[in-house]
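Here's the structure, in structure tokens; my notes come after.
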Protein chains: 2
Amino acid sequence: MSLLHPVDRSSVPGLRSARRIPAGEHLYRAGAEGPAWRLHAGAIRLDTTGPDGHAAFASLAIAGDILGCEAMLFGVYTFSATALTECWLLPWPEGRREVAADSLLASLAQAQQRAANIVALRGGQAMARVVGLIRLFGDSAGRVILPTRQDIADITGLRFETISRIIKGLERSGVLVPVRVEGVRATRSYAVDPAVLNGLPAA
Amino acid sequence: MSLLHPVDRSSVPGLRSARRIPAGEHLYRAGAEGPAWRLHAGAIRLDTTGPDGHAAFASLAIAGDILGCEAMLFGVYTFSATALTECWLLPWPEGRREVAADSLLASLAQAQQRAANIVALRGGQAMARVVGLIRLFGDSAGRVILPTRQDIADITGLRFETISRIIKGLERSGVLVPVRVEGVRATRSYAVDPAVLNGLPAA
DNA sequence: CGCATTTTTGATACACGTCAATCTCCGTGG
DNA sequence: CCACGGAGATTGACGTGTATCAAAAATGCG
């Protein structure tokens, strides 16, 4: 296995002011004040804090999504945001101008599409759910960096033991091949069988 | 059981141009052209049409939600919309003016909140999911008009036989009491135990 | 090198799925 | 007004996919 290096973000135009969040850390918590963000790279989970103070998975943001825009309306964040993988974010809206209606409309349409994706990850058999999540997280080059087993379990509504069994099964059947990436846990970086990454039902 | 009568919508201000959709009928289909709508009363399911032409539950709209705004951006609807209960809708945006950014922002925040609700309906034990859906559909007076068992099953990611068993169980334990409403099927209109309608874990 | 965290694996239980047979409701037409 | 028929709902018997509990192994940090 060759050792890959993470992308150098400092060369990306307009990303001077980008904020980096390491995997597992909070971007913000429900009830706190702060700006809205656009997620440039990585994945973030959003949790509601129940009346009993117990956090429950509520939604998912992946590259391109807008997060925390409700704080522009209510003053505080509704959800807590935690990085599932290393993330790069930009304050939103980007320019110093007013928020364009078109931009908001696009965000709204995208939010609905994302919601439909998440719903699909929470129905059907466990194998199909996990493969769906791998597709959602996989890049065009056929590589994935997955969240922890526990986070995958929260997203799919399964148990981490079940996730572990399924991912090990996909490894054994060759659908997933471990890939070492600097700064990423060994159990979380894989190359994905391209046939499975697009439509096929997997093993 | 007394016979209740449906609300007379003609007395609601600004609802002259409202469109009525009977339970079970389509408002629009994916790929078609049309305006965006605000759902004034009732509930609507949104389905994605998969590559195999097979429809899958994607999202839910309840009173106050905006539907089909993606058609303002892409020209066509992304999802198919079907009435779960009798619905009243208004074309959106309401006035003849431009869409206000604030209004869109509110819709975006609401869409995210709704998505979190739906996610919650698709995890945990079957009883908790069904009770959660009853809470979502129940009005402040403690009455619910539910979708068909099949629709509830699609929303919660369970089977209609399971839904039937759970709802019958709630009836037998007195949490749900059948209520006759004109034009609504006997199995779909109930009074809900107020203790269960707010926080309590149910039977 | 030791230790906390995460992941893997096994054995067992049970909640829900599946299949199939009624039963109820309600609209239709004789 | 009642017989008919179809869609939706209920119920039972049985199978199975995940949950649950428990223990060991792997991973990576200090």
Side-chain angles (χ1 to χ4, degrees), chain A residues 1 3 22-25 82-86 121-131 133 145-173 176 178-190 201-203, chain B residues 1 3 22-25 45 82-86 121-131 133 144-173 176 178-190 201-203:
Chain A
M1 280 184 275
L3 201 74
E25 291 195 9
T82 316
L84 293 168
T85 58
E86 182 186 56
L121 291 180
R122 294 178 71 90
Q125 299 225 139
M127 168 70 80
R129 297 194 206 183
V130 175
V131 170
L133 182 134
I145 295 184
L146 294 174
T148 65
R149 302 290 183 265
Q150 181 61 62
D151 280 324
I152 297 175
D154 293 343
I155 295 166
T156 56
L158 300 164
R159 297 283 138 173
F160 71 89
E161 297 97 325
T162 303
I163 305 298
S164 179
R165 277 182 249 266
I166 286 171
I167 289 181
K168 257 299 173 214
L170 290 172
E171 270 187 58
R172 284 194 257 266
S173 67
L176 290 178
V179 173
R180 292 318 319 267
V181 174
E182 192 187 322
V184 177
R185 205 166 211 277
T187 53
R188 294 176 54 180
S189 178
Y190 293 95
Chain B
M1 280 185 275
L3 200 74
E25 292 195 8
R45 63 177 285 179
T82 316
L84 292 168
T85 59
E86 183 186 54
L121 291 179
R122 294 178 70 91
Q125 299 227 133
M127 168 71 80
R129 297 194 207 183
V130 175
V131 170
L133 183 134
V144 244
I145 295 184
L146 294 174
T148 64
R149 303 288 183 266
Q150 182 61 63
D151 280 325
I152 298 175
D154 292 342
I155 294 166
T156 56
L158 299 164
R159 298 281 138 175
F160 71 90
E161 297 97 326
T162 303
I163 304 298
S164 179
R165 275 183 251 266
I166 286 172
I167 290 182
K168 257 300 174 211
L170 290 171
E171 269 187 58
R172 283 193 258 266
S173 66
L176 290 179
V179 173
R180 292 317 322 266
V181 174
E182 191 186 323
V184 177
R185 206 163 211 277
T187 51
R188 294 177 52 180
S189 178
Y190 293 95

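Any value given below was found using the heavy atoms of this structure, including those in side chains, with hydrogens, waters and symmetry copies removed. Lettering of chains follows the sequences in order, A, B, ..., and the numbering in each one begins at 1.
Here the CG-CD1 distance, from A/Leu84 to A/Ile145, works out to 12.0 Å after rounding to the nearest 0.5 Å. Atom CG in A/Asp154 sits 10.5 Å away from atom CZ in A/Phe160 (nearest 0.5 Å).
A close approach under 4.0 Å does not occur between any side-chain nitrogen or oxygen of A/Thr187 and OP1 or OP2 of C/dT6. One finds no side-chain N or O of A/Arg188 lying less than 4.0 angstrom from the OP1 or OP2 phosphate oxygen of C/dT5. Side-chain N/O atoms of A/Arg180 include one lying less than 4.0 angstrom from OP1 or OP2 on D/dG28.
At whole-Å resolution of the value, CZ in A/Arg149 and C1' in D/dA19 are 18 Å apart. Atoms CG (A/Leu176) and P (C/dT8) sit 11 Å apart, rounded to a whole Å. Between the CD1 atom of B/Ile163 and the C1' atom of C/dG17 there is a distance of 12 Å, given to the nearest Å. Rounded to a whole Å, the CD atom of A/Gln150 is 9 Å from the P atom of C/dT7. Rounded to an integer number of Å, the gap from CD of B/Gln125 to P of C/dG17 is 12 Å. Between the C1' atom of C/dC16 and the CZ atom of B/Arg129 lies a distance of 10 Å, rounded to the nearest Å. Put simply, CD on A/Glu171 is 12 Å from P on C/dT7, counting in whole angstrom units. One atom, CD1 of B/Ile167, and another, C1' of D/dA9, lie 10 Å apart when rounded to the nearest Å.
Annotation for B/Gly124 and B/Arg129: closest pair O-NE, 3.0 Å, computed over non-hydrogen atoms. Taking all atoms of both residues into account, the shortest heavy-atom contact from B/Arg185 to B/Arg180 is C-NH2, 4.4 Å. Between A/Gly157 and A/Arg122, the shortest heavy-atom distance links the atoms N-NH1, 3.7 Å.
The side-chain heavy atoms of A/Thr85 and A/Val184, taken from C-beta on, include no pair separated by under 4.5 Å. A heavy-atom distance below 4.5 Å is not found between the side chains of A/Asp151 and A/Thr82. Looking at heavy atoms from C-beta onward, B/Ile167 lies in side-chain contact with B/Tyr190 at the 4.5 angstrom threshold.
The base of D/dT20 sits with one of its N or O atoms less than 3.5 Å from a complementary donor or acceptor on the side chain of A/Arg165.
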Original post:
Going through the distances and angles, do B/Leu133 and B/Leu146 end up as a side-chain contact (heavy atoms from CB on, under 4.5 Å)?
Top reply: CA-CA 9 Å; B/Leu133 183 134; B/Leu146 294 174; 4.0 Å; yes
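Minimum atom distance to the side chain of B/Arg185 is reached by C/dC26, of the listed D/dT11, C/dT7, C/dC26. When distances run from any side-chain atom of A/Ser164 to the nucleotides C/dT9, D/dT18, D/dT10, the shortest one goes to C/dT9. Of all nucleotides listed (C/dC26, D/dA9, C/dT7), C/dC26 comes nearest to the side chain of B/Ala186.
Five base pairs at each end of the helix from C/dC1-D/dG30 to C/dG30-D/dC1 define two local axes, and these are offset by 40° (rounded to 10°).
Near DNA chain D, meaning a heavy atom under 4.0 Å from it, residues 152-162 of chain A has A/Gly157, A/Leu158, A/Arg159, A/Glu161, A/Thr162 in order of number.
Partner of B/Ile166 under the side chain to side chain contact (heavy atoms under 4.5 Å, CB included) criterion, out of B/Met127, B/Glu161, B/Arg149: B/Met127 alone.
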